[in-house]
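This report concerns only the one structure given below.
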Amino acid sequence: MRLQEDFHTDQPYKIQAMALKCLHEASEAYLTDVFQDSYLCTIHAKRVTMTPADIQLCRRIRGEERYELVPCKQDTNRFYSVPIQAITR
């Protein structure tokens with residue numbers, strides 16, 4: 001889990017079942033809201049197929065930070081979500 005890698009410790013984390021269920025519910029609710037809002041962007045563009053641009057527009061309107069997927073060094077099949085740094089001029 002990414003959470004475990006953010007805190008540099010050798011001891012394994014123990015996660016209660018109720019905590020995992022809360023994370024599941026919260027992430028499901030968040031994704032449902034994002035997809036609903038993204039589909040509104042799709043409808044506004046007079047399309048029926050949602051595109052990644054619709055999701056990006058939805059997240060931008062919401063004011064959410066943009067993230068980039070970075071491959072894991074040990075396992076190329078795993079990716080981590082890293083914030084994209086704002087370019088300052």
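Starting from 1, each residue takes its place in the sequence as its number.
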**OP:** Determine, using the 4.5 Å side-chain heavy-atom cutoff (strictly less than), whether Val34 and Leu40 are members of one ILVMFWY cluster.
**Re:**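 Not linked; separate clusters.
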Contacts table for residues 24-31: side-chain donor-acceptor under 3.5 angstrom, sequence neighbours left out:
{"unit_1": "His24", "atom_1": "NE2", "unit_2": "Glu28", "atom_2": "OE1", "d": "3.1"}
{"unit_1": "Ser27", "atom_1": "OG", "unit_2": "Leu23", "atom_2": "O", "d": "3.0"}
{"unit_1": "Ser27", "atom_1": "OG", "unit_2": "His24", "atom_2": "O", "d": "3.0"}
{"unit_1": "Tyr30", "atom_1": "OH", "unit_2": "Glu64", "atom_2": "OE1", "d": "2.5"}
{"unit_1": "Tyr30", "atom_1": "OH", "unit_2": "Glu64", "atom_2": "OE2", "d": "3.4"}

**OP:** Give every residue pair that meets the salt bridge (Lys or Arg N to Asp or Glu O under 4.0 Å) criterion with at least one member in residues 36-52, sequence neighbours excluded.
**Re:**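 Checked against salt bridge (Lys or Arg N to Asp or Glu O under 4.0 Å) - neighbours excluded - the pairs reaching residues 36-52 are Asp37-Arg62, Arg47-Asp54.
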Original post:
Atom CD of Gln16 and atom SG of Cys22: how far apart are they, to the nearest 0.5 Å?
Top reply: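 Gln16 CD to Cys22 SG: 10.0 Å, rounded to 0.5 Å.
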Original post:
How many angstroms lie between atom CD1 of Ile55 and atom CZ of Arg60, to the nearest 0.5 angstrom?
Top reply: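 Answer rounded to 0.5 Å: 16.0 Å.
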Subject >> Partners passing side-chain hydrogen bond (donor to acceptor under 3.5 Å, both in side chains) against Asp33 (at least two apart in sequence or in another chain) >> reply: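 Here no residue qualifies.
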Original post:
Sequence neighbours excluded, which residues qualify as side-chain hydrogen bond (donor to acceptor under 3.5 Å, both in side chains) partners of Ser38?
Top reply: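 Once residues adjacent in sequence are excluded, Ser38 has no partner under the side-chain hydrogen bond (donor to acceptor under 3.5 Å, both in side chains) criterion.
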Original post:
Considering only heavy atoms from C-beta outward, does the side chain of Thr32 approach that of Phe35 to under 4.5 Å?
Top reply: no
Original post:
Linking Ile, Leu, Val, Met, Phe, Trp and Tyr by side-chain heavy atoms under 4.5 Å, what else ends up with Ile61?
Top reply: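 Once heavy-atom contacts under 4.5 Å are chained together, Ile61 belongs with Leu57.
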